[in-house]
Amino acid sequence: MAAQIDKVISELRDMVLSGALQPGERVVELQFSARLGVSRTPLRIALTELEKEGLLERLPSRGFRVRAFTVDEIGDAVEVRGVLEGMAARLLAERGASAEVLEQLSQAVEEGRALLAPARRDPKTTVDARAWGQINRRFHEILCEAAGNRALLSALEHNNKTPLAGPAALTLPSTPSL
């Protein structure tokens with residue numbers, strides 16, 4: 001089921017980013033489960049994931065709709081994230097990182113290198129963008145949580161709700177363009 005969920009997430013993300021789904025447009029479960037040929041369970045999981053990415057917003061009356069955002073909003077949020085994560089790195093350096101935190105960060109870096117290794121040998125190799133996003137998200141979460149500043153974590157959580165601004169925001173089309 002994980003592969004099916006990843007496929008639904010990718011397809012919905014592509015629809016939002018390509019403009020096939022317009023800002024403000026409701027994503028109705030029954031309609032999209034039929035359109036994508038999946039049951040409602042993987043669709044619900046995908047909708048929740050896209051909400052976390054900031055592409056969709058949950059409606060108070062149930063359901064989701066596509067969020068409106070501009071390139072300037074994304075740029076501003078990425079810039080703020082850089083400053084906040086720089087602060088996290090500074091705090092962690094000043095306080096000292098535990099051996100466990102250093103091991104977790106090193107492990108994330110090594111997983112990223114291993115994921116990218118085939119593409120370094122052959123640039124035509126496709127990289128699993130979702131896996132890269134998960135590794136990158138985990139690295140940044142470890143760094144920021146280890147800084148030990150709740151206000152910083154709260155600010156990052158709020159900032160990362162801007163679409164394409166979070167550490168897992170690397171998105172590639174699900175199928176290569178010709």
Side-chain angles (χ1 to χ4, degrees), residues 1-23 27 32 35-38 42-43 45-56 66-90 92-93 97 101-147 156-157 159-178:
M1 178 155 25
Q4 186 180 41
I5 293 168
D6 288 345
K7 181 177 181 272
V8 173
I9 290 169
S10 182
E11 287 181 24
L12 285 171
R13 184 186 297 120
D14 290 350
M15 287 181 201
V16 171
L17 297 177
S18 71
L21 293 176
Q22 294 294 307
V27 180
F32 278 86
R35 183 173 175 179
L36 299 173
V38 297
L43 180 64
I45 294 168
L47 293 172
T48 300
E49 181 62 27
L50 293 174
E51 177 190 21
K52 289 178 192 172
E53 291 180 16
L55 294 175
L56 300 177
V66 178
R67 281 198 52 208
F69 55 91
T70 66
V71 172
D72 287 341
E73 289 172 319
I74 296 167
D76 291 348
V78 168
E79 189 173 11
V80 168
R81 186 176 68 116
V83 171
L84 292 172
E85 289 183 349
M87 179 183 168
R90 179 183 57 80
L92 186 58
V101 166
L102 291 174
E103 176 58 31
Q104 290 174 346
L105 290 169
S106 293
Q107 183 180 1
V109 169
E110 287 308 313
E111 286 177 28
R113 284 186 179 146
L115 183 69
L116 296 175
R120 291 187 79 187
R121 289 189 295 274
D122 178 7
K124 293 180 183 179
T125 302
T126 302
V127 174
D128 182 346
R130 182 156 168 77
W132 172 260
Q134 290 171 342
I135 293 167
N136 196 46
R137 175 190 288 165
R138 190 171 73 251
F139 177 89
H140 287 267
E141 286 175 351
I142 293 165
L143 171 71
C144 294
E145 286 182 25
L156 275 165
E157 183 180 336
N159 189 70
N160 288 344
K161 288 182 180 173
T162 300
L164 307 176
L170 174 66
T171 58
L172 300 172
S174 57
T175 55
S177 328
L178 299 177

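All residue numbers refer to positions in the sequence shown, counting from 1. All values below come from the heavy atoms of this structure, side chains included, with hydrogens, waters and symmetry mates left out. It should be emphasised that the depicted structure is a prediction, and the values quoted were computed from it without experimental measurement.
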Between N136 and P167, the two heavy atoms sitting closest are ND2-O, 2.5 Å
Strictly distance-based, threshold 3.5 Å: is any side-chain N or O of R67 a donor or acceptor partner for the main-chain N or O of K161?
yes
Value for CZ (F32) from CD (E11), rounded to nearest 0.5 Å, stands at 11.0 Å
Heavy-atom side-chain contact between L12 and L43 under 4.5 Å
yes
Over all atoms of both residues, closest heavy-atom pair of V101 and A97
CG1-CB, 4.2 Å
Which heavy atom in I5 sits nearest to a heavy atom in P42, and how many Å separate them?
CG1-CB, 3.7 Å
Would you compute the distance between atom CG of L84 and atom NE2 of H140 and round it to the nearest 0.5 angstrom?
12.5 Å
What are the two closest heavy atoms between L156 and C144, and how far apart are they?
CD1-SG, 3.3 Å
salt_bridge(E141, R138) N-O dist < 4.0 Å:
no
Strictly distance-based, threshold 3.5 Å: is any side-chain N or O of R81 a donor or acceptor partner for the main-chain N or O of N159?
no
So do the side chains of L47 and E51 get within less than 4.5 Å of each other, counting heavy atoms only?
no
Should M15 and L36 count as side-chain neighbours, where that means a heavy-atom distance under 4.5 Å?
yes
Within a 6.0 Å radius of atom CZ on R90, are there more than 12 heavy atoms belonging to other residues, nucleotides or ligands?
yes
For A88 and A147, work out which heavy atoms get closest and say how close.
O-CB, 3.6 Å
With side chains defined as the heavy atoms from C-beta onward, is the minimum distance between W132 and L116 less than 4.5 Å?
yes
Taking D6's backbone N and O only, do any of them form a donor-acceptor pair with S10's side chain (distance below 3.5 Å, no angle check)?
no
Closest approach of V8 to A46 (non-hydrogen atoms, all atoms of both residues):
CG1-CB, 3.5 Å
From L56 atom CG to E49 atom CD, the distance as rounded to the nearest 0.5 Å:
10.5 Å
Evaluation steps, side-chain contact (heavy atoms from CB on, under 4.5 Å), between V66 and L55:
CA-CA 6 Å; V66 178; L55 294 175; over 6 Å; no
Are T162 and F69 side-chain neighbours, meaning at least one heavy-atom pair lies under 4.5 Å?
no
Applying side-chain contact (heavy atoms from CB on, under 4.5 Å) to R113 and V109, what does each step give before you reach the verdict?
CA-CA 6 Å; R113 284 186 179 146; V109 169; 3.8 Å; yes
